[in-house]
Amino acid sequence: MRENIAESIYYGGLYAQIALFGALMVMLTLPLKKSKKTAAVQWGGVILGAFVLGFCLYYGTDTIIQRLDSIADSSSSNGVIQFIYSLITVTTVLLHTAPALLVMAAVDWIHSGKRSTKIFVSVLFMLVVAAVSQFFTDITYIFFSDGNDGYSRYAPSTAIKSAVDFAWLLCILLIYRKTLCEKLKKVLNFAEEQIAHIILVPCLGYVVFESVKGTLTTYGITLMSVDPGSFLIAVTVVVSIFVMYFLMYWAIFKAVTVAAGSAKVKAELDVASKIQLSALPNKFPAFPKRKEIDIYATMHPAKEVGGDFYDFFFVDKDHLAVLIADVSGKGVPAALFMMSGRAIIRNQALLGMEPGEIFINSNVQLAENNKEGMFITAFLGIMDVNTGEMKFCNAGHNVPYLCREDGAVEALKMNPGFVLAGLKKTKFHTEKVTLQKHEKLVLYTDGVTEAVNTSMEMYMEPRLEDTLKNCCTKPVRETVEQITESVHTFADGAEQADDITILVVERV
């Protein structure tokens, strides 16, 4: 009876130490719901409750285990003996997992944040406690043992065991605070969303560890075993599980960090896409007070951010500039070059020069410090909205189409020109065309004509011309939408490989 009470007091103290260890570790890691003073009082209550729980559980389970042992000793049936030992193992596992459940509940009660993160942290720390108590403390107990009974070394006194347990937990706490605390906090802040997907891993890992530990203890295979074979088995199993969990958690943290990084990049790209699209004119009708023209445009990036761009603006009260361009490459680099190119061309156009001169000056600026070798194909037209005369210049861009009121569709006759940002001394020439009333000029990028379907066939210009023949009398918005629908129907679910940009201007 006296020995049972002494061990019960030891387990009560062990539970209290584990609760104290959990409190200190978690307070270093997770934010609090209330003040530190309130949290200290709450954790103090948890630690006191842990002592009472440990004392009562050990006292009750030890009595049960002794009773089951006596039944097993008196039984001659192997099946009954195995069943009883299984019950003893379950009882031992419950005894050793109880403090983890208590700490987990306390963390959820006292600390703020997502529940999955709080469970992950508390179970992770409890798994560390389990590993240390199974290996390092048992190894240390051997040095304080004063003999053996032929099967197992005598355990040291409860006071020595408590001191050893506390010393090892204190070492872990100090190591964590000095080396791992900030790293874990960064991972948790960085990957909080992803932790919810792997929360079962530490929980199951802890249960498996305690189950193996309980099974070994039931059959007397511990680090306190005198038999070299039993001692070697215990060392091998514990070290193997320890290494396995170390590698598993290392892989989990790496995977979670990478997944969180990808999610963060995706979120940032989504924001960049919204910023990019908002920088382009997107309010229609664009010029509700101007009855001479109607205009509509759209861009569908192949990735989060695109390299195509369009623009339209009045140079003065009578002249409308329309611009469409395609930057080489995709993604962020193309988007950055696109923003730079659009700003340069727009600023040059607002100086009142002709399109050819605008492209000459823009080309020089774009070619400077262009170490990545990027380039832009572009078409710029400046139209007198009163007469319909449009002066334009093409820099290696797709040939626009004219849609006549009588249903005729024809490619705009022009020189192909060379790309912008390719060579500094490239010359560009201004050409002219006149839009009659109710005629439309259709500008587009190669994402339209080079769209592919599941059979790897390209959309190409003939299909675009057929689509435009049905749009000659339709408003500019319906024209753009019908072209877009035609391309998507042709693609038939195939992945979009290039940005799709369309601009249609009509002289009303």
Side-chain angles (χ1 to χ4, degrees), residues 262 264-282 297-313 315 321-351 353 355-382 392-400 415-429 443-451 495-503:
S262 299
K264 184 178 180 181
V265 170
K266 177 65 167 60
E268 290 176 349
L269 286 175
D270 288 342
V271 173
S273 177
K274 292 177 181 178
I275 293 173
Q276 182 188 34
L277 292 176
S278 66
L280 301 178
N282 53 25
T298 184
M299 183 181 79
H300 300 280
K303 295 185 177 182
E304 288 82 359
V305 289
D308 285 6
F309 65 94
Y310 66 84
D311 203 355
F312 49 83
F313 50 92
V315 176
V322 291
L323 170 68
I324 192 167
D326 184 0
V327 178
S328 61
K330 302 290 182 294
V332 175
L336 293 174
F337 202 61
M338 162 269 212
M339 297 296 286
S340 174
R342 174 176 175 265
I344 290 173
I345 297 171
R346 183 186 181 99
N347 290 339
Q348 290 294 318
L350 289 172
L351 295 176
M353 296 179 290
E357 189 177 358
I358 292 170
F359 273 0
I360 289 173
N361 295 338
S362 299
N363 178 67
V364 172
Q365 294 184 47
L366 289 167
E368 290 179 352
N369 301 318
N370 184 20
K371 296 179 181 178
E372 290 74 20
M374 303 184 76
F375 60 87
I376 300 175
T377 67
F379 177 92
L380 172 65
I382 299 178
F392 66 89
C393 184
N394 189 55
H397 198 72
N398 300 76
V399 178
N415 293 318
F418 194 64
V419 298
L420 298 174
L423 299 171
K424 276 189 178 182
K425 296 182 179 181
T426 302
K427 298 297 181 182
F428 296 92
H429 302 284
L443 309 177
Y444 59 94
T445 59
D446 57 9
V448 174
T449 53
E450 295 180 5
E495 184 179 0
Q496 183 179 333
D498 200 357
D499 306 330
I500 296 175
T501 304
I502 306 166
L503 185 153

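The structure presented is a predicted model; accordingly, all values stated were derived computationally and were not measured.
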If you look only at distance, which donor and acceptor atoms sit under 3.5 Å apart when one is on a side chain in residues 416-425 and the other is two or more places apart or in another chain?
none

For residues 337-347, which side-chain donor-acceptor pairs fall under 3.5 Å, sequence neighbours excluded?
residue : atom : partner : partner atom : Å
Arg342  : NE   : Asp311  : OD2          : 3.4
Arg342  : NH1  : Ala279  : O            : 3.4
Arg342  : NH2  : Ala279  : O            : 3.1
Arg346  : NH1  : Asp311  : OD1          : 3.0
Arg346  : NH1  : Asp311  : OD2          : 2.8
Asn347  : ND2  : Ala343  : O            : 3.1

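Remark: Phe375 engages no residue in a ring pair (Phe, Tyr, Trp, His ring centres under 6.0 Å) (not counting sequence neighbours). With sequence neighbours left out, the salt bridge (Lys or Arg N to Asp or Glu O under 4.0 Å) criterion links Asp498 to Lys330. With sequence neighbours left out, Val399 forms a side chain to side chain contact (heavy atoms under 4.5 Å, CB included) with Ala411, Met414. With sequence neighbours excluded, the residues forming a side chain to side chain contact (heavy atoms under 4.5 Å, CB included) with Thr449 are Asn398, Tyr444, Asp446, Glu461, Leu464, listed by chain and number. For the side chain to side chain donor-acceptor pair (under 3.5 Å) test, no residue two or more places apart in sequence or in another chain qualifies with Ser362. For Gln348, the side chain to side chain donor-acceptor pair (under 3.5 Å) partners at least two apart in sequence or on another chain are Asn361.
Within the model, atoms CD1 of Ile500 and CE of Met299 stand 11.5 Å from one another, a figure rounded to the nearest 0.5 Å. Between the CD1 atom of Ile382 and the CZ atom of Phe392 there is a distance of 12.5 Å, given to the nearest 0.5 Å. Taking CD1 of Ile324 as the start and CG of Asp308 as the end, the distance is 7.0 Å to the nearest 0.5 Å.
Using modelled atom types, one finds no donor on one side chain facing an acceptor on the other under 3.5 Å when comparing Thr445 with Asp326.
Other residues, nucleotides and ligands place more than 12 heavy atoms under 6.0 Å from the CD atom of Glu368.
Scanning both residues, Ala378 and Asn394, for their nearest heavy atoms gives O-OD1, 3.4 Å. The two residues Thr377 and His397 make their nearest non-hydrogen contact at OG1-ND1, 3.0 Å.
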Test side chain to side chain contact (heavy atoms under 4.5 Å, CB included) on Leu443 and Tyr310; report intermediate values, then the result. CA-CA 9 Å; Leu443 309 177; Tyr310 66 84; over 6 Å; no
Between Phe313 and Leu323, does a side chain to side chain contact (heavy atoms under 4.5 Å, CB included) hold up when you go through it step by step? CA-CA 9 Å; Phe313 50 92; Leu323 170 68; 5.5 Å; no
